[in-house]
Amino acid sequence: MGLELVIFIAAILLGIFLYWRESNGNKLYRFVNKVFNSKALQMKSTEKKGFVFKQAFLPRLVYVVGGFLLVGLAIQFFSPFEIFTSYNGISAFSSIVVGTLLGTYLANFVLKSSKVIEEKSDSIGDIMEDAVEKGKDFIEDLKTKDDLDAERSRSADVVEEPESINESSKTEEKSARERLKDKGLL
């Protein structure tokens, strides 16, 4: 069971590598297309489709199973390992196929999500700047409310203690109009 798990994880990584490699260039698929198709049926030079890149599930499954089948037959023919005659060999073969398919779909998800993030990165930056500006405005509003609450508590203290009012404290305090001018609101 441990070896199968290692094979499965390695197959996922292989699938990711195959998908990424074909997303950068599909020369082998183009060559196979030129060999097997007539001139009218050959793919255009602008198409990026490959064996696993931009393929539906069934063709991708056929290409992956066929490729590993050819490799397995070559290994069984040229080496003393008998892959297809034991349960462990067939189990490892199925783990490789499923892991590779899973890896291709995982790579597809990662590549598509990175493209979406790149496209939306400018708008995400604008959204973040707007959020920061709104946060700054909100903090400023809280500060002004705290200042007003402090002034109200001071004026309540002044009303309760009318004998403590002197003219020097009145001259030190700014009027509401002057405070608004200092904040740039008037």
Side-chain angles (χ1 to χ4, degrees), residues 1-139 142:
M1 184 67 182
L3 183 61
E4 286 181 11
L5 185 61
V6 170
I7 290 171
F8 184 71
I9 292 171
I12 289 174
L13 294 174
L14 177 67
I16 291 171
F17 176 74
L18 287 175
Y19 192 87
W20 172 75
R21 189 70 193 123
E22 275 198 350
S23 70
N24 291 333
N26 57 354
K27 293 177 184 175
L28 182 62
Y29 188 76
R30 285 184 190 282
F31 175 73
V32 171
N33 192 338
K34 283 184 181 180
V35 169
F36 288 109
N37 292 329
S38 67
K39 190 77 167 172
L41 295 176
Q42 288 178 6
M43 62 189 288
K44 298 175 184 155
S45 61
T46 58
E47 289 184 34
K48 298 193 80 155
K49 185 184 280 191
F51 290 109
V52 293
F53 184 69
K54 290 190 176 182
Q55 282 285 4
F57 175 72
L58 286 177
R60 189 180 293 193
L61 177 68
V62 168
Y63 288 133
V64 169
V65 169
F68 281 121
L69 189 61
L70 290 175
V71 170
L73 288 174
I75 289 173
Q76 188 162 342
F77 183 72
F78 291 119
S79 72
F81 300 114
E82 295 182 359
I83 296 174
F84 299 112
T85 57
S86 68
Y87 170 77
N88 291 333
I90 293 173
S91 177
F93 178 77
S94 62
S95 293
I96 288 174
V97 169
V98 171
T100 303
L101 286 173
L102 187 65
T104 60
Y105 281 105
L106 183 66
N108 181 19
F109 173 73
V110 169
L111 286 178
K112 281 189 178 184
S113 63
S114 65
K115 286 179 184 177
V116 168
I117 289 172
E118 286 176 8
E119 290 173 1
K120 300 286 183 179
S121 65
D122 294 335
S123 62
I124 290 173
D126 294 338
I127 290 170
M128 290 302 292
E129 287 178 14
D130 292 341
V132 168
E133 290 300 321
K134 287 180 182 178
K136 287 179 182 178
D137 293 341
F138 181 71
I139 290 172
L142 287 177

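All values derive from a computational prediction rather than experimental measurement. Heavy-atom basis, side chains included; hydrogens, waters and symmetry copies ignored.
- Two residues are said to be in side-chain contact when any heavy atoms from C-beta on lie closer than 4.5 Å; Leu111 and Tyr19 meet this criterion.
- Asn108 contributes atom CG, which lies 11.5 Å from atom CD1 of Ile16 (distance to the nearest 0.5 angstrom).
- For the atom pair Leu3 CG and Ser91 OG, the distance stands at 9.0 Å (nearest 0.5 Å).
- In terms of heavy-atom proximity, Pro59 sits nearest to Ala56 at CD-O, 3.5 Å.
- With rounding to the nearest 0.5 Å, the separation of CD1 in Ile90 from CD1 in Ile83 is 10.5 Å.
- The ring-ring contact (aromatic ring centres under 6.0 Å, His included) search around Phe8 returns none, not counting sequence neighbours.
- No option in Ile7, Ile12, Leu101 other than Ile7 meets the side-chain contact (heavy atoms from CB on, under 4.5 Å) test with Ile96.
- Considering all non-hydrogen atoms of both residues, Ser95 and Ala11 come closest at O-CB, 4.0 Å.
- Under the 6.0 Å distance and 45° angle rule, Arg60 counts as a cation-pi partner of Tyr105.
- Side chain of Ser113 to main chain of Phe109: a donor-acceptor pair is present (N/O by atom type, distance under 3.5 Å, no hydrogens or angles).
- When all heavy atoms of Phe93 and Val65 are compared, the closest pair comes out as CZ-O, 4.1 Å.
- Separating the OG1 atom in Thr104 from the CD atom in Glu22 is a distance of 10.0 Å, to the nearest 0.5 Å.
- Note that CD of Gln76 is 11.5 Å distant from CZ of Phe81, once rounded to the nearest 0.5 Å.
- From Phe84, atom CZ reaches atom CG of Leu69 across 5.0 Å, with rounding to the nearest 0.5 Å.
- Taking 4.5 Å as the limit, some side-chain heavy atom of Phe68 sits within range of a side-chain heavy atom of Val64.
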